[in-house]
Q: 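Encoded as structure tokens, here's the structure I'll be asking about.
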Amino acid sequence: NERLRVLSVEHEFGRRVFTSIKRYYEKLSSPSFDPDALARHLRTYAEFLTKHISKEESVFNCNGTISMDNTICIGKDITITNNNRRSQFP
């Protein structure tokens, strides 16, 4: 599913931005600390999360419901059956 691939790529982007934020944060007491760079990364991450979460909500919108046969709906396009295989909704 293309939408899931896009979300996966975005997750990797989010991890990279967060890693950069962590590196800047670890330099808080260092003379080389750049507060503007940290602020830029934090803004980028906040904007990214807002857009990404909106996309996730449009893909995964059934709130983790569980049916009588123990099939778990994690999104309108994905279920996990009781044998732990992922499958597409019909």
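Atoms considered below: every heavy atom in the structure, side chains included; atoms not considered: hydrogens, waters and symmetry mates.
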Q: Taking OH in Tyr25 as the centre, count heavy atoms belonging to other residues, nucleotides or ligands within less than 6.0 Å. Is the count above 12?
A: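 Atom OH in Tyr25 is not packed in, count stays at 12 or less.
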Q: Tabulate below the donor-acceptor pairs under 3.5 Å that side-chain atoms of residues 14-24 make, not counting sequence neighbours, or state none.
A:
{"from": "Arg15", "atom 1": "NE", "to": "Glu12", "atom 2": "OE1", "distance (Å)": "3.4"}
{"from": "Arg15", "atom 1": "NH2", "to": "Glu12", "atom 2": "OE1", "distance (Å)": "3.4"}
{"from": "Arg16", "atom 1": "NE", "to": "Glu12", "atom 2": "OE2", "distance (Å)": "3.1"}
{"from": "Thr19", "atom 1": "OG1", "to": "Arg15", "atom 2": "O", "distance (Å)": "2.9"}
{"from": "Ser20", "atom 1": "OG", "to": "Arg16", "atom 2": "O", "distance (Å)": "3.4"}

Q: Between the main-chain N or O of Arg40 and the side-chain N or O of Thr44, is there a donor-acceptor pair closer than 3.5 Å?
A: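 Yes: the side chain of Thr44 pairs with the backbone of Arg40.
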Q: Hey, quick one: are Val6 and Ile53 part of the same hydrophobic cluster, counting side-chain heavy atoms closer than 4.5 Å, chains of contacts allowed?
A: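 Not linked; separate clusters.
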Q: Glu10 pairs by side-chain contact (heavy atoms from CB on, under 4.5 Å) with which of His52, Arg5, Lys51?
A: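 The option that passes is His52.
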